[in-house]
Asks: 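Sharing a structure with you now.
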Amino acid sequence: MRLGRLFWGAFTLGAGALLYGALFETERLKLERRTLRLRRWPAKLDGYRVAVLADPHIRDERSIALCRRAVAMALDEGPDIVVLPGDLIAYWKRGVLDMVREALGELAAFRGPVLAVPGNHDYAAGDAAWLGPALEDLHVRWLRNESVILDGVNWVGVDSELAKQADPYAAIMQTDATLPIVVVWHEPDMVDTLPWGPELMISGHSHGGQFTTPWGWAPGTSELGRKYLRGFFPDAPVPLYVSRGIGTTGPPSRLFCQPEVTVLTLRSAV
Ligand SMILES: [Fe+2]
């Protein structure tokens, strides 16, 4: 009898937490302003600001509205560049490209560059290549194992490891050796495999664990989003920033893990 009461108590608590998370926590977008001190970051780029919009998982009206708020929040900060480290959509279905155009539409008016890489969800029931034309319409560069020089920085966009598409070597081989390298790669744990010492890597994928205890322990984590769960890891093989992301994966709820819009200010370490 006592066990039964315990079970129903735990069940009610769990269901209540899920419902609270679904109704409120998923909507509580938090602006994370972080200053990262990076070795070898050039003095002339001291103060360079990067907005990060990770994991919007666009799939329905609610995710579109949240993503639009996230884009507006990022652009209000006046960053130098906007970076989307993957999982733009939750999965492929009819009409999803129009949803992407609606959710990210404001990026087309941004004066600076915008770049994006695929995440594993951008391959769910489809192919990340199909996002290319919609993103081009919004002036978003879709980097899949490619590099591009913007503002005196080599931006290396690596494709998704979980989708078996990643080739960081091909992209890094294209870089200018006199300029710093920032890698954008969806799966954060892949930082342990990065060759040739870039200055920074930016990731998403983990959703910060999505459900955590108040002290940050996450009972369920994603493959390749486990070791580096969220925040800044200055002592990783390459300094790494992992965003908790905007949207949700699995149950559309969060607990003690607010959705995040990030603005990174990059400073030269002294
Ligand atoms: Fe994701």
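For reference, positions follow the sequence shown, starting with 1. Please read these numbers as outputs of a predicted model, since none were measured by experiment. First listed ligand is number 1; within each ligand, the first listed atom is number 1.
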Asks: May I ask you to list the protein N, O or S atoms found at less than 2.8 Å from the Fe ion (ligand 1)?
Replies: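 Protein N, O or S atoms closer than 2.8 Å to the Fe ion (ligand 1): Asp55 OD1, His57 NE2, Asp87 OD2, His207 NE2.
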Asks: Check whether any side-chain heavy atom of Tyr241 lies under 4.5 Å from a side-chain heavy atom of Pro188, and answer yes or no.
Replies: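 SC-SC contact between Tyr241 and Pro188 ruled out.
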Asks: Using the side-chain hydrogen bond (donor to acceptor under 3.5 Å, both in side chains) rule, pick out the option among His207, His205, His121 that qualifies with Asp55.
Replies: His207
Asks: Using a distance-only test with no angle check, is there a side-chain donor-acceptor pair under 3.5 angstrom linking Asn145 and Tyr169?
Replies: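 The answer is no; no qualifying pair exists.
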Asks: If you measure from the Lys or Arg side-chain nitrogens to the Asp or Glu carboxylate oxygens, is any gap between Arg68 and Glu102 under 4.0 Å?
Replies: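 No salt bridge links Arg68 with Glu102.
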Asks: Any non-hydrogen side-chain atom of Glu260 less than 4.5 Å from a side-chain atom of Lys30?
Replies: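 Answer no - side chains too far apart.
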Asks: Below 4.5 Å, heavy atoms only, C-beta onward: do Val82 and Pro79 meet side chain to side chain?
Replies: yes
